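Structure, as C-alpha cells:
These figures come from a predicted structure and were not determined experimentally.
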Amino acid sequence: RQNRMMNSEEAGPSAETLVNGLTRLLTVVPQGDDIFVGKRQKGGVGRVFGGEVVAQALMAATAAVDADRLAHSLHAYFLRGGSEESDITYRVERDFDGGSFSARRVIAEQDGRPILNLAASFHKQEAGVTHQDAMPEVPPPDDLPSETDLRRAVIDQIPERLRRLMTRPRAIEFRPVEARHWMNSEKRPALTHSWFRTVAPLPDDPVLHRAVLAYVSDMTLLGTCALPHGLSWLKGELQSASLDHALWLHDDFRCDEWMLYVTDSPWAGRSRGFNRGRIYTRDGRLVANVAQEGLIRKTTPQA
C-alpha cells in the first residue's frame, strides 16, 4: 500500500507520526491481575473523547482473552466525563469462557472514580450462513474533499477558541458525502454517509484494527440526531454527550483502507437522541453495526 502523506501545505506531524500516536494511545499497559493503564492523549485538553475510552477498554478486555478469539460485540455506558489531565485505569473481570465464546467486563476508572463500564464478547472464527444489507450507492472517496479542507473553507465562521481544535492534523481522515452541519442551520434528514481511513498504514494486527474502528465509531454519530433540527454544538446551540455505545463487529477489515460510515437517527425526544451506524468496506462488505443514545439539549448561544 502506498502511504498517504499529509498535504505539503500543512504544518505539523507527518501522517506516520499521527497514526503511530493513535496506535500508542489505544495500546494499554498491563499492571498485573488483569489491570491495565491507558495513557492520556499527548497534548490533550478538556474532556476525554468517548471513543478513546471505549477503544482502550476493548484493548484491555482483549488482552485478557485467548488469542484465537476476537471481539464481535461490545456494550458500554458512559458514567461521567473523563479528563485529559490523567491516565485511565481499566480493571477486567473474566466473566465467562466457553467452547466458542468468552465474555469480559471492564470498569474504567480515573482518579478513583468509574467513568465507563464495558461488556465485550469474543468468538472463535467459524463458518456460517451469510446475508447482509447492501451498501448505499454514494460517490467514491476519490471524488470528495477531505473534512479538513471543508473546515478550512469556513475557518472565518468558526469561533476563534475552537479553530485550532477543528483544524489540527488528525490520524483519521474523513471524506463526507453530505455537507457538514457545523455552521449550517439548514434542517435536513437524519442521514449521513462518510468515508474514512487512517492517514497512514496500520500494523497487520486485527485486534488493533478493531480498536481503531471502536474509536472511529464514536465520530459523526451523535450529531446525526441534530440534523432535522438545524442545530450545531459549534454555534453553542446544543449540549450533548454520549450516554451509551454498542458496537457489533461482523467480519475482518482494515481501518487503513477506505470504509463507508452510514449513520441515521430514527428518534429523538426528552433531551435524548438515538443514532445508528453501519460500516462497510469499499468493496461493499458490511463489517460493523453501531448504536448509541446521547444527551441532546437545545441551548441558547451566549453572546
Side-chain angles (χ1 to χ4, degrees), residues 1-19 21-23 49 51-52 55 133-155 157-158 162-184 186 188-202 209 212-224 226-227 232-234 247 253-265 275-290 292:
R1 293 181 305 278
Q2 186 178 19
N3 290 1
R4 273 83 66 179
M5 302 301 293
M6 301 295 292
N7 189 309
S8 60
E9 297 179 357
E10 295 180 3
S14 68
E16 288 79 7
T17 298
L18 290 168
V19 171
L22 177 62
T23 300
F49 170 54
E52 175 184 327
D133 286 346
M135 183 171 72
E137 293 186 8
V138 297
D142 308 303
D143 294 346
L144 299 168
S146 71
E147 190 170 65
T148 299
D149 291 337
L150 294 172
R151 292 183 179 195
R152 286 175 174 164
V154 296
I155 189 65
Q157 303 174 48
I158 297 174
L162 297 175
R163 289 178 185 176
R164 183 176 179 182
L165 173 66
M166 290 288 288
T167 58
R168 63 180 172 84
R170 288 171 165 81
I172 308 296
E173 178 184 3
F174 272 87
R175 296 194 179 184
V177 174
E178 297 87 7
R180 291 301 201 209
H181 69 285
W182 309 305
M183 304 306 298
N184 187 355
E186 178 185 356
R188 58 186 180 87
L191 177 65
T192 71
H193 305 79
S194 303
W195 293 99
F196 72 88
R197 67 178 178 183
T198 58
V199 295
L202 289 163
H209 285 265
V212 172
L213 190 68
Y215 176 84
V216 175
S217 68
D218 195 32
M219 299 177 178
T220 79
L221 187 59
L222 180 55
T224 309
L227 294 176
S232 170
W233 67 267
L234 193 60
L247 172 63
F253 52 84
R254 295 193 64 93
C255 284
D256 51 8
E257 297 176 353
W258 285 118
M259 293 201 285
L260 181 69
Y261 196 3
V262 183
T263 72
D264 75 298
S265 174
N275 306 276
R276 302 178 296 198
R278 289 173 288 153
I279 300 177
Y280 294 87
T281 59
R282 188 166 184 174
D283 60 3
R285 289 186 301 116
L286 178 61
V287 294
N289 270 276
V290 190
Q292 183 184 87

**Request:** May I ask you to say whether Arg197 pairs ionically with Asp256, meaning some side-chain N is under 4.0 Å from a carboxylate O?
**Result:** no
**Request:** Could you pull out the closest heavy-atom pair between Trp195 and Pro141, with the gap in Å?
**Result:** CE2-CD, 3.4 Å
**Message:** For Pro201, is there any backbone N or O sitting under 3.5 Å from a side-chain donor or acceptor partner on Thr198?
**Reply:** no
**Message:** Would you say that Val290 contacts Arg276 through its side chain, given a criterion of any heavy-atom pair below 4.5 Å between the two side chains?
**Reply:** no
**Shortest non-hydrogen contact between Pro136 and Val262, atoms and distance** = CG-CG2, 4.0 Å
**Message:** Applying salt bridge (charged side-chain N to carboxylate O under 4.0 Å, His left out), can you list everything that pairs with Asp133, at least two apart in sequence or on another chain?
**Reply:** none
**Prompt:** What residues, two or more places apart in sequence or in another chain, satisfy side chain to side chain contact (heavy atoms under 4.5 Å, CB included) together with Thr263?
**Reply:** Thr192, Thr220, Leu221, Thr224, Tyr261
**Prompt:** Below 4.5 Å, heavy atoms only, C-beta onward: do Phe196 and Glu173 meet side chain to side chain?
**Reply:** no
**Prompt:** Under the side chain to side chain donor-acceptor pair (under 3.5 Å) test, which residues partner His209, sequence neighbours left out?
**Reply:** none
**Request:** Please step through side-chain contact (heavy atoms from CB on, under 4.5 Å) for the pair Ile279 and Leu260, ending with a clear verdict.
**Result:** CA-CA 6 Å; Ile279 300 177; Leu260 181 69; over 6 Å; no
**Message:** When you measure from the side chain of Arg188 to the backbone of Ala179, do you find a donor-acceptor pair of N or O atoms at a distance under 3.5 Å?
**Reply:** yes
**Complete:** Applying salt bridge (charged side-chain N to carboxylate O under 4.0 Å, His left out) to Asp142 and not counting sequence neighbours gives Arg282
**Message:** Could you go through Leu213 and Met259, starting from their C-alpha distance and side-chain angles, then the distance that decides it, and tell me whether this counts as side-chain contact (heavy atoms from CB on, under 4.5 Å)?
**Reply:** CA-CA 10 Å; Leu213 190 68; Met259 293 201 285; 3.7 Å; yes
**Message:** Phe253: which residues meet the ring pair (Phe, Tyr, Trp, His ring centres under 6.0 Å) condition with it, sequence neighbours left out?
**Reply:** none
**Item:** Closest heavy-atom pair and its distance - Pro145, Pro176
**Value:** O-CD, 4.0 Å
**Pairwise distance CD(Glu178) to CG(Leu227) - rounded to 0.5 angstrom** = 9.0 Å
**Prompt:** Quick one: side chain to side chain contact (heavy atoms under 4.5 Å, CB included) partners of Asn289, sequence neighbours excluded?
**Reply:** Trp248, His250, Arg278, Leu286
**Item:** Residues in ring pair (Phe, Tyr, Trp, His ring centres under 6.0 Å) contact with Tyr280, at least two apart in sequence or another chain
**Value:** none
**Request:** State, with a plain yes or no, whether a side-chain heavy atom of Arg170 is found less than 4.5 Å away from one of Val199.
**Result:** no
**Request:** Kindly write out the residues that satisfy side chain to side chain contact (heavy atoms under 4.5 Å, CB included) with Ala171, not counting sequence neighbours, or none if the list is empty.
**Result:** Leu18, Val19, Leu22
**Message:** Quick check for you: to the nearest 0.5 Å, what is the distance between His193 atom NE2 and Asp264 atom CG?
**Reply:** 9.0 Å
**Asked** Side-chain contact, heavy-atom cut-off 4.5 Å: Thr281 with Glu257?
**Response** no
**Prompt:** When rounded to the nearest 0.5 angstrom, what is the spacing between CE in Met219 and OG in Ser194?
**Reply:** 11.5 Å
**Complete:** Pro139 meets the side chain to side chain contact (heavy atoms under 4.5 Å, CB included) criterion, sequence neighbours left out, with Leu144, Val177
**Request:** Taking side chain to side chain donor-acceptor pair (under 3.5 Å) as the test, write out the residues that go with Thr23, two or more places apart.
**Result:** none
**Prompt:** How long is the gap from CG on Asp149 to CZ on Arg175, to the nearest 0.5 Å?
**Reply:** 8.5 Å
